[in-house]
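Data block below; observations after.
Order of the sequence lines fixes the chain letters, A, B, ..., with proteins taken first and strands second; residue numbering starts at 1 for each chain. Being a predicted model, the structure only gives us computed values, none of them experimental.
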Amino acid sequence: MASRFNALKADTHWQQVWDEAQTFAARDDSPRPRSYVLEMFPYPSGKIHMGHVRNYTMGDVLARFRRMTGHEVLHPMGWDAFGMPAENAAMEKKVHPGEWTRQNIAAMKAQLKRLGFALDWSRELATCDPSYYGHEQSLFLDFYRAGLVYRKESAVNWDPVDMTVLANEQVIDGRGWRSGALVEKRKLSQWFLRITRFADELLEGLGSLAHWPDKVRLMQENWIGKSQGLQFRFGLSDGDSVEVFTTRPDTIFGASFVAVAADHPIAQALAARDPAAAAFVERCKQGGTTAAELETQEKLGYDTGLTAAHPLGAGDLPVYIANFVLMDYGTGAVFGVPAHDQRDFEFASKYGLPIRRVVADGERTDPAFDGEEAYTGPGTLVNSRFLDGLAVEEAKRVVIERAEREGWGQGSTVYRLRDWGVSRQRYWGTPIPIIHCAACGEVPVPREQLPVALPEDVSFDVPGNPLERHPTWKHVTCPQCGGDALRDTDTLDTFADSSWYFIRFASQPEDRPFDRAQAERWLPVGQYIGGVEHAILHLLYARFWTRALRHVGLIDLAEPFTGLFTQGMVTHETYKAADGRWLAPEEVGGGLELASGLPVTVGRVEKMSKSKKNTVDPAPIVDQYGADAVRWFMLSDSPPERDLEWSENGIEGAWRFVQRLWRLFDALAEGPAGTGGDAALDRKLHQTIASVAADVEALSFNKAVAKLYELVNAIEKAAPSASRDTAVRALVRLVAPMVPHIAEEAWARVGAGGLVADAPWPAVDAALLVEDEVTVAIQVNGKLRDTLTLPKGLSREDVEAAALANDKVARALEGRAPRKVIVVPDRLVNVVA
RNA sequence: GCGGACGUGGCGGAAUCGGUAGACGCUGGGGACUUAAAAUCCUCUGCCAUCGGCGUGCGGGUUCGAGUCCCGCCGUCCGCACCA
């Protein structure tokens with residue numbers, strides 16, 4: 001009697017079995033080859049969303065597959081538990097951030113378990129736990145002692161909504177990455193991590209990351225932004241000097257002005273005594289930051305009245321304050337070569353400055369430059385004394401050599417990358433373990449006093465930092481002199497927390513951040529999976545942190561993640577009501593708004609987001625269809641790096657497939673259905689075993705899914721035989737990584753011992769991968785006319801003869817004699833007439 | 001503006017090395033079973049058509065042969081952006 005697969009019952013049962021048997025606990029002392037599979041840990045926002053389901057399903061399939069192929073797999077899970085939403089909840093709901101976070105963790109953990117992920121929960125960690133962040137404080141102090149941490153007064157990006165500082169990486173189009181508020185510039189004393197010390201290493205290291213997407217490597221490369229050039233000084237008419245940086249030292253004789261940023265000391269000094277200059281500086285700061293504004297913004301300058309002496313005696317140049325020069329890059333000052341730089345060209349055109357050609361543009365070699373825009377291409381130097389006749393690259397080298405020989409400048413490398421400002425004026429983060437003493441200055445908190453724990457009794461009734469307002473917490477005695485001192489009341493950027501959690505997963509000693517031997521045994525992470533939105537921020541910080549750990553001698557590891565995969569988003573149609581309100585999918589039916597019966601406008605397919613109300617909560621879907629159907633759907637159709645559109649039809653299709661599997665498994669459990677062999681099915685089975693393995697290794701889950709459908713189709717069509725029973729038995733293991741609950745249920749019912757989770761991946765019989773017959777395409781002049789089934793390995797002559805004997809070929813030739821016959825053995829014949 | 005990715009049926013997509021385009025899934029049509037429905041099964045489903053022709057964003061090119069390689073456009077998406 002055919003039964004139906006009861007997903008709800010099976011899910012619960014097998015999840016409990018795995019839990020009790022500790023099936024997925026990684027053994028540190030295992031003799032098997034190790035495999036570290038990791039998905040980016042979630043922020044405990046409240047509940048799991050579809051993006052999590054997709055991310056963790058992919059990692060889970062790989063982790064389970066690796067177990068089946070004989071690996072000791074480390075597949076842990078934890079919580080990126082510090083962050084702003086907890087404080088917002090505290091303000092809105094009057095609940096302590098810690099309590100809110102811990103409740104969310106409990107709820108989300110239950111949801112992850114409900115999906116049957118093969119996770120080692122014994123290694124679970126939360127970054128908000130003092131047993132985690134205390135070790136982070138100790139690492140911070142190690143970095144401090146090694147000179148990788150420093151404090152400086154600097155202009156910072158201030159988010160007026162979140163009331164905190166943002167790192168450069170967290171400012172997008174001039175707005176805070178979380179709040180979307182326009183970022184302001186403020187002067188604050190901040191802690192910085194010296195990521196620029198590793199700029200070159202981080203850039204070079206990208207070359208070793210062969211299993212990272214090119215896109216991500218390129219984004220990091222651009223972010224680090226290395227450029228090489230010449231740094232040199234101009235003497236000024238007031239006796240002072242100004243240092244500039246250029247990547248085009250070859251064009252030095254084309255210089256017609258010097259420009260400094262509005263924040264440059266020269267501009268600041270002038271503004272202090274000249275109200276007009278001050279007004280100009282102020283105006284520069286107001287400029288918009290959006291793409292459109294920048295593109296259309298006019299180049300503006302203010303003539304300081306100073307002149308700069310050309311280092312090679314090519315006259316005196318006027319010095320301007322200019323709105324297009326950035327203080328953050330290079331030296332905050334440039335020399336302008338209008339003929340060969342577009343910005344300089346626009347500036348010179350506006351202020352009537354000379355535009356002198358120094359690089360020949362084809363035929364033109366005379367100094368008079370009358371083009372519509374600057375010439376920035378390659379060429380030969382002209383009007384440049386000793387550089388005349390040299391190519392651009394050669395001339396650069398010659399100028400740098402001469403500057404160094406004569407002592408007025410030196411070759412220099414400049415990076416776009418800035419040091420990582422980590423101070424945040426927030427409560428819910430890792431306290432910075434530094435004490436400020438009037439007598440001793442900055443004093444690190446002694447190791448035995450770690451962790452510096454967050455106080456529990458804090459209030460969120462006013463904006464700003466509760467640690468700053470706390471009556472007692474910040475008042476301490478100086479560890480050095482015993483006098484009154486103050487704790488630093490800032491906390492670390494939460495990206496610090498996620499910069500080493502993958503190391504803590506490998507070992508969790510109480511007295512230190514990690515056990516070096518265990519860490520070096522498990523790391524690097526072989527396959528890391530997460531969203532592409534972390535391509536720069538998290539992935540760059542984690543790479544830096546790992547190198548910093550190596551620098552202070554704590555670990556011998558350069559790159560934390562050798563394999564990276566960035567998965568696409570889960571999307572859904574959007575719906576708008578007649579009056580323009582966004583509608584949730586469950587409010588819509590048959591093109592109408594259910595509540596009002598009015599027609600609904602179907603909008604673009606977009607990333608699921610609360611604001612557009614196009615989210616689908618996984619929880620009720622898992623309860624309705626079971627974990628396996630949801631997992632199967634997540635893996636089907638869309639390539640994992642692309643977006644996946646959630647659809648009701650899709651999940652129903654997945655559910656149907658699970659039931660189809662069950663009918664096969666169930667029939668087999670009733671007893672052997674046939675005897676005798678089925679060579680074609682044997683071959684199909686072994687081809688599927690090989691190709692699904694290859695597809696899973698390559699994370700091409702959609703292709704693996706398609707091949708499994710083909711196998712199931714073939715089995716269903718095959719007549720009863722021993723081969724067919726064998727194929728169904730093997731199918732249980734082939735689908736086990738993707739739909740583990742039904743696989744366990746079937747494994748038990750057919751009487752195989754133990755758990756399918758512990759079973760080995762089916763062995764491939766290589767002999768069965770080879771076909772003995774092939775279908776050969778028969779073309780005439782490149783057009784397909786027929787196909788022939790021929791024995792594999794037939795000689796060229798025989799294949800050609802078979803093709804020429806074909807009557808469809810004869811008809812297509814229309815009496816013409818073949819001029820040439822192309823034979824690709826076992827593939828095709830092309831008769832050319 | 002710079003850098004990158006992508007463009008294949010009604011839809012998601014497959015085609016791993018230049019060699020039978022459209023695997024697999026979804027949707028849809030027809031049929032079987034059923035009193036009926038659901039479920040399930042069978043079958044068809046790129047376009048036009050009678051032979052046959054046309055088809056991988058558009059226009060060229062290389063080749064016996066191009067979704068795949070080259071040149072030029074168009075479009076969509078992503079990243080960066082006054083970077084000296």
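- Taking the ring centroids of Tyr302(A) and Tyr320(A), they lie at or beyond the 6.0 Å cut-off.
- For Trp655(A) and Phe633(A), the ring centers sit 6.0 Å or farther from each other.
- As rounded to whole Å, 17 Å separates atom P of G19(B) from atom CD1 of Ile778(A).
- Between the C1' atoms of G65(B) and G72(B), the separation comes to 24 Å (whole Å).
- Residue Asn323(A) is classed as a base contact, given a heavy-atom separation below 4.0 Å to a base.
- When each of Leu784(A) and Asp341(A) is assigned the nucleotide of RNA chain B bearing its nearest heavy atom, the one mapping closer to the 5' terminus is Leu784(A).
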Could you check Thr571(A) against Asp643(A) for side chain to side chain donor-acceptor pair (under 3.5 Å), going step by step and ending with a plain yes or no?
-> CA-CA 7 Å; Thr571(A) 61; Asp643(A) 290 351; 5.5 Å; no

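- In this structure, Phe324(A) atom CZ and A81(B) atom P are separated by 19 Å, rounded to whole Å.
- Comparing the P positions of U27(B) and A38(B) gives an interatomic distance of 14 Å, to the nearest angstrom.
- Side-chain atoms of His572(A) never come within 3.5 Å of backbone atoms of Lys607(A) as a donor-acceptor pair (strictly under, hydrogens ignored).
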For residues 773-786 of chain A, which side-chain donor-acceptor pairs fall under 3.5 Å, sequence neighbours excluded?
unit_1: Asn781(A); atom_1: OD1; unit_2: Ala833(A); atom_2: N; d: 2.9
unit_1: Asp786(A); atom_1: OD2; unit_2: Asn806(A); atom_2: ND2; d: 2.9

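- When ring centroids are compared, Phe347(A) and Phe324(A) come within the 6.0 Å threshold.
- Listed nucleotides: A23(B), C83(B), G25(B). Nearest to the side chain of Tyr329(A): C83(B).
- Among Val735(A), Leu661(A), Val739(A), the single residue meeting the side chain to side chain contact (heavy atoms under 4.5 Å, CB included) criterion with Asp628(A) is Val739(A).
- Evaluation of the side-chain contact (heavy atoms from CB on, under 4.5 Å) rule for Ala801(A) yields no partner, not counting sequence neighbours.
- Listed pair Arg217(A) / G4(B) fails the phosphate criterion, with no side-chain N or O lying under 4.0 Å from OP1 or OP2.
- By the side-chain contact (heavy atoms from CB on, under 4.5 Å) test, Arg724(A) pairs with Leu664(A), Leu681(A), Ile715(A), Ala718(A), Ser721(A), sequence neighbours left out.
- Tyr625(A) and Trp632(A) have their aromatic ring centers separated by at least 6.0 angstrom.
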Reading nucleotides 5-18 of chain B from 5' to 3' and marking B where a protein heavy atom lies under 4.0 Å of the base, S where only the sugar-phosphate is that close, and - otherwise, the string is -------BSSS---

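- Between Tyr415(A) atom OH and C80(B) atom C1' there is a gap of 19 Å when expressed in whole angstrom units.
- If you check every strand for non-hydrogen atoms under 4.0 Å, Val705(A) touches nothing.
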Return all side-chain donor-acceptor pairs below 3.5 angstrom for residues 225-232 of chain A, not counting sequence neighbours, or 'none' if the list is empty.
unit_1: Lys226(A); atom_1: NZ; unit_2: Asp200(A); atom_2: OD1; d: 2.8
unit_1: Ser227(A); atom_1: OG; unit_2: Tyr329(A); atom_2: OH; d: 2.6
unit_1: Gln231(A); atom_1: OE1; unit_2: Ser412(A); atom_2: OG; d: 3.0

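- Spacing between G25(B) and C73(B) at atom P, rounded to whole Å, works out to 42 Å.
- Atom NZ in Lys299(A) sits roughly 12 Å away from atom C1' in A84(B) (whole-Å rounding).
- The separation between Gln228(A) atom CD and A84(B) atom P is 12 Å, rounded to whole Å.
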Its contact letters, B for base, S for sugar-phosphate only and - for none at protein heavy atoms under 4.0 Å, make nucleotides 38-57 of chain B read --SS----------SSS---

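- Applying the side-chain contact (heavy atoms from CB on, under 4.5 Å) criterion to Pro265(A), with sequence neighbours excluded, gives Met327(A).
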Can you tabulate the close N/O pairs, meaning under 3.5 Å, that link protein atoms to atoms of nucleotides 61-67 of chain B?
unit_1: C64(B); atom_1: O2'; unit_2: Asn830(A); atom_2: ND2; d: 3.1
unit_1: C64(B); atom_1: O2; unit_2: Asn830(A); atom_2: ND2; d: 2.7

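- Using a 4.0 Å heavy-atom distance criterion, Thr331(A) is classed as making no nucleic acid contact.
- Rounded to a whole angstrom, the distance from the C1' atom of G28(B) to that of G10(B) is 8 Å.
- Two rings, from His310(A) and Phe253(A), have their centers less than 6.0 Å apart.
- A cation-pi arrangement is not found for Arg233(A) relative to Trp408(A), the charged atom failing to lie both closer than 6.0 Å to the ring centre and inside a 45° cone about the ring normal.
- Nucleotide C17(B) is shown with a syn base, its glycosidic torsion being within 90° of 0.
- As judged by a 4.0 angstrom heavy-atom cut-off over every strand, Phe245(A) is placed among the base-contacting residues.
- Between the C1' atom of G25(B) and the CD atom of Glu648(A) lies a distance of 16 Å, rounded to the nearest Å.
- Atom name C1', nucleotides A66(B) and C17(B): the rounded distance is 14 Å, in whole Å.
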Got a list of protein N/O to nucleotides 76-79 of chain B N/O distances below 3.5 Å?
unit_1: C78(B); atom_1: O2'; unit_2: Lys215(A); atom_2: NZ; d: 3.1

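- Closest approach to the Arg343(A) side chain among C24(B), G19(B), A84(B) is made by A84(B) (side chain taken as heavy atoms from C-beta onward).
- Of the inter-residue distances, the one linking Ser700(A) atom OG with Lys707(A) atom NZ reads 8.0 Å to the nearest 0.5 angstrom.
- For C11(B) and G22(B), the C1' atoms lie 13 Å apart once the distance is rounded to whole Å.
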Intra- and inter-strand pairs of RNA chain B in dot-bracket (Watson-Crick or G-U wobble, both distances under 3.5 Å; | for another strand) | (((((((..(((......[....))).(((((.......))))).(((...)))..(((((..]....))))))))))))....

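- Nucleotides G59(B) and A49(B) place their C1' atoms 28 Å apart, quoted to the nearest Å.
- Here Asp344(A) pairs with nothing under the side chain to side chain donor-acceptor pair (under 3.5 Å) rule; sequence neighbours left out.
- A5(B) and C24(B) have their P atoms separated by 31 Å, given to the nearest Å.
- Using a 4.0 Å cut-off between charged nitrogen and carboxylate oxygen, Lys684(A) and Glu710(A) count as a salt-bridge pair.
- Distance, Tyr709(A) OH to G22(B) C1': 18 Å, rounded to whole Å.
- Taking 90° from 0 as the syn/anti boundary, the base of G28(B) is oriented anti.
- Every residue two or more places apart in sequence or in another chain that forms a side-chain contact (heavy atoms from CB on, under 4.5 Å) with Glu573(A) is listed here: Tyr575(A), Val602(A), Val605(A), Glu645(A).
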